[in-house]
J.: 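Questions regarding the structure given below will be posed in turn.
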There are 2 protein chains.
Amino acid sequence: MPRAGLNRATVVATGAALADEVGLANLTMGSLAQRVGVRTPSLYKHVGGQGDLNRRIATLALTELADAVGSAVQGCAGRDALAAAARAFRTFVLEHPGRYAATLGLEPSGPDDPMALGSRRLLDAFTAVLRGYDLDVSDVDHALRMLRSLCHGFATLQGANGFQWSADIDESFEWLIAFADRGLRTL
Amino acid sequence: MPRAGLNRATVVATGAALADEVGLANLTMGSLAQRVGVRTPSLYKHVGGQGDLNRRIATLALTELADAVGSAVQGCAGRDALAAAARAFRTFVLEHPGRYAATLGLEPSGPDDPMALGSRRLLDAFTAVLRGYDLDVSDVDHALRMLRSLCHGFATLQGANGFQWSADIDESFEWLIAFADRGLRTL
DNA sequence: AGCTTGTAGCTAACGCCATTAACCAAGGGG
DNA sequence: CCCCTTGGTTAATGGCGTTAGCTACAAGCT
């Protein structure tokens, strides 16, 4: 029959898009096959299986996220950089919940795993933000983990509808950025 | 044949324990049935299905978590209360990852949903912590979300092995508590 | 051009999982 | 003592991921 002209990159990208639409848990090999116009087993010619697909989506997501945060930070420093990074992070998670969910709970296989590379680039972007505050070296790792926890926690809780009560969520996020900025400046 | 003497509570409790052991995603009706010593379809006499089971595990988890945080906070105030609440939260999530995972991404069906009740009690415990800092009323909701994001983010990232690099994780968590305390005291 | 060969697609089949239907026995309340 | 609620059973269905084995497209060599 006519070749569909698929390749690994399109399969992974379509899978990521589908995961964003229907949720990672509902990303099924059948639905992905249908989306790319092929029968289910054909996907295995491009991808090792669901685990492998998930891993590749995670790698894509981490790369994109690192790009987004990295370029948002360009040209800012201090509080502006912090706000830009945090907003870019949250925007990405809310716009691409499936991709982001794929990145959680995976261990990098080795140091040259492209996933670990994306992870490191993301970390570097946040490290650059912290360079705008003159922290003691012993504080940098902790501050990094604090920022990551804040961004990850807020974004995933919002994505999971974890904030039920009244106050405006965007306002809370800006408040949170201001809080972190104040804390970092007075260390 | 001989009755196994099951009831809803034991099924849910065993399901929660199993989810903690093998991960919520690997909690299967078959494995749970085996654990309680019964054939799979028998579970449906006690529980509506996998979704219902998940919901009941989440309710149990939220109740336990609210109890843990609530009693940890008893008799402390200010920084001590904050530290006690945060530690209790993280300990619970790390010791019961399956239960906690079940609580995410669920919408309470109604205002008298027992799950919403547990959720509210947990919220109340954190609100009590904040009462030790004299915040402007307009800040309370934002501060609450900040604390929830911090605790949730840190605990889930640690549980997912999201902290790869070197620094000591417990030390980071204590640093983070101190950071939040300082920020809250200087609002 | 024609043959070859690698490979992207297909169908068929298997096993696991959740769920439902239909049946059966245990055991307490009249 | 009987009955009928109820907690257990086996059998069957449908959806999923995955593998095996086949087919036919298309590129490359002669």
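Every chain is numbered from 1, with letters handed out A, B, ... down the list of sequences.
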J.: Identify the pairs formed between an N or O of the protein and an N or O of nucleotides 11-16 of chain D at a distance under 3.5 Å, and give each distance.
T.:
from: D:dC16; atom 1: O3'; to: A:T28; atom 2: OG1; distance (Å): 3.1

J.: Counting only N and O atoms by type, is there a donor-acceptor contact under 3.5 Å from the side chain of A:S71 to the main-chain atoms of A:D67?
T.: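 Flag set: sc A:S71 to bb A:D67 pair under 3.5 Å.
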
J.: What's the CG-P distance between B:L27 and C:dC16, to the nearest Å?
T.: 18 Å

J.: Between A:D124 and A:R120, is there a salt bridge with N-O shorter than 4.0 Å?
T.: no

J.: Between A:R35 and A:E21, does any side-chain N to carboxylate O distance fall below 4.0 Å?
T.: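 A salt bridge is present here (some side-chain N lies under 4.0 Å from a carboxylate O).
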
J.: What's the OH-C1' distance between A:Y44 and D:dG17, to the nearest Å?
T.: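 Nearest whole value for this atom pair: 4 Å.
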
J.: Out of D:dT9, C:dG9, C:dT11, which nucleotide sits closest to the side chain of A:R39?
T.: C:dT11

J.: Using a cut-off of less than 4.0 Å, is there contact between a side-chain N or O of A:H46 and OP1 or OP2 of C:dG9?
T.: yes

J.: With a 4.0 Å cut-off, would you call A:R185 and A:D181 a salt bridge?
T.: yes

J.: Is the distance from OP1 or OP2 of C:dC10 to the nearest side-chain N or O of A:S42 less than 4.0 Å?
T.: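 It does, given that an N or O in the side chain of A:S42 lies less than 4.0 Å from OP1 or OP2 of C:dC10.
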
J.: Can you tell me if A:Q34 has over 12 outside heavy atoms packed within less than 6.0 Å of its CD?
T.: no

J.: Nearest-Å distance, NZ (B:K45) to P (C:dC24)?
T.: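 Going from NZ in B:K45 over to P in C:dC24 covers 13 Å.
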
J.: Among all residues two or more places apart in sequence or in another chain, which pass the side chain to side chain contact (heavy atoms under 4.5 Å, CB included) test with B:A83?
T.: B:R87, B:I177

